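Report on the following structure.
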There are 2 protein chains.
Amino acid sequence: MNNRLEEIRKQRGIKQEELATALEVSRQTIGSLENGRYNPSILLAFKIARFFGMSIEEIFIYEEDENA
Amino acid sequence: MNNRLEEIRKQRGIKQEELATALEVSRQTIGSLENGRYNPSILLAFKIARFFGMSIEEIFIYEEDENA
DNA sequence: TCAAAATGGAAAGTACGCTTGACATTGCTT
DNA sequence: AAGCAATGTCAAGCGTACTTTCCATTTTGA
């Protein structure tokens, strides 16, 4: 799973810390997602999508043979 | 998180077991999702959506104040 | 240039998604 | 009514999402 989090966050001119606060998660969680250390839960993915006014699919990129 | 899994699966006339096999998860996982015992990982949500040719948002319903 | 702000990332702990295995219940079909 | 198919559900175990704490590195701005 790739994602466009860092790109979208920077477009909006907000800091990791600000995004984290808005989403009610830790700053490290945002950093970990941006750097691909792990994938978000589906709840967090929904919160992120809703925060940016986008769909989950526009932000998180699922590659067909992700884990086969 | 509510979801329309059971409804959509039955529309297509397929069994839990068949869906499980197609998605490469256990039958119990499908049952647990349909009965709301837990939410899917985002990877499984993507696989489900892709299998049904729908978006994640069309299948999984996120309620605003899900976890305060 | 130098300090503060922003980000990167490790470690240890908790919660949950998912597995296998087993058994109970419900729903056909005859 | 009986028997099999489909579904419900529990328990134990494993991996990972997320937390807090802490420290290192990079970026920014006066």
Side-chain angles (χ1 to χ4, degrees):
Chain A
M1 274 254 332
N2 297 336
N3 71 68
R4 307 203 297 121
L5 245 187
E6 180 172 16
E7 170 194 351
I8 296 167
R9 176 178 61 80
K10 288 187 172 169
Q11 276 177 7
R12 318 282 171 121
I14 77 182
K15 298 164 201 161
Q16 287 188 347
E17 180 98 39
E18 293 169 342
L19 180 55
T21 299
L23 299 174
E24 298 175 293
V25 295
S26 69
R27 176 183 67 80
Q28 285 80 350
T29 292
I30 301 301
S32 293
L33 296 179
E34 290 191 353
N35 290 292
R37 273 187 291 281
Y38 50 72
N39 297 324
S41 68
I42 193 171
L43 286 182
L44 181 51
F46 264 111
K47 286 174 105 176
I48 291 171
R50 197 154 294 190
F51 179 83
F52 287 126
M54 304 172 70
S55 71
I56 289 179
E57 284 86 350
E58 286 171 320
I59 303 176
F60 298 95
I61 313 300
Y62 175 70
E63 318 259 1
E64 194 53 57
D65 53 351
E66 195 86 24
N67 54 354
Chain B
M1 275 252 332
N2 296 337
N3 70 69
R4 308 202 298 120
L5 243 188
E6 180 172 15
E7 172 193 352
I8 295 167
R9 176 178 61 79
K10 288 186 173 169
Q11 274 176 9
R12 317 282 170 125
I14 77 183
K15 299 164 200 160
Q16 288 187 348
E17 180 98 40
E18 292 169 342
L19 180 55
T21 299
L23 299 173
E24 297 176 294
V25 296
S26 69
R27 176 184 65 84
Q28 287 83 343
T29 292
I30 300 301
S32 293
L33 296 178
E34 289 192 353
N35 289 294
R37 274 189 291 280
Y38 50 72
N39 297 323
S41 70
I42 193 173
L43 286 182
L44 181 51
F46 264 110
K47 285 174 106 177
I48 291 170
R50 196 153 297 190
F51 179 82
F52 287 125
M54 304 172 71
S55 72
I56 289 179
E57 285 86 351
E58 285 171 321
I59 302 176
F60 298 95
I61 314 302
Y62 175 70
E63 317 260 0
E64 193 55 58
D65 53 350
E66 197 85 23
N67 53 357

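Within every chain, numbering begins at 1; the chains are lettered A, B, ... in the order of the sequence lines, protein sequences first and strands thereafter. What you are looking at is a predicted structure, and each value in this text was computed from that prediction instead of being measured.
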- [ ] For residues B/Leu23 and B/Thr29, determine if any side-chain heavy atom of one lies less than 4.5 Å from a side-chain heavy atom of the other.
- [x] no
TODO: Find out whether A/Ile42 and B/Tyr62 are in side-chain contact, i.e. whether some heavy atom of one side chain is under 4.5 Å from a heavy atom of the other.
DONE: no
- [ ] Please examine the side chains of A/Ile48 and A/Ile8, heavy atoms only from C-beta on, and report whether any two atoms are closer than 4.5 Å.
- [x] no
- [ ] Would you give the length of the straight line joining atom CZ of A/Arg9 to atom CZ of A/Arg4, rounded to the nearest 0.5 angstrom?
- [x] 14.0 Å
Open item on the list: Distance under 4.0 Å to a non-hydrogen atom of chain B counts as contact; along DNA chain C, which nucleotides mark the start and end?
Closed with: C/dG17 to C/dA22
TODO: Can you measure from CD1 (A/Ile14) to CD (A/Gln11) and round to the nearest 0.5 angstrom?
DONE: 11.0 Å
Task: Contact state string [nucleotides 13-30 of chain D, B base, S sugar-phosphate only, - no protein heavy atom under 4.0 Å] - done: ----SBBBBB--------
TODO: Check whether any side-chain heavy atom of A/Leu44 sits under 4.5 Å from a side-chain heavy atom of A/Leu33, and report yes or no.
DONE: yes
Open item on the list: Less than 4.5 Å apart, side chain to side chain, heavy atoms only: is that true for B/Phe60 and A/Leu43?
Closed with: no
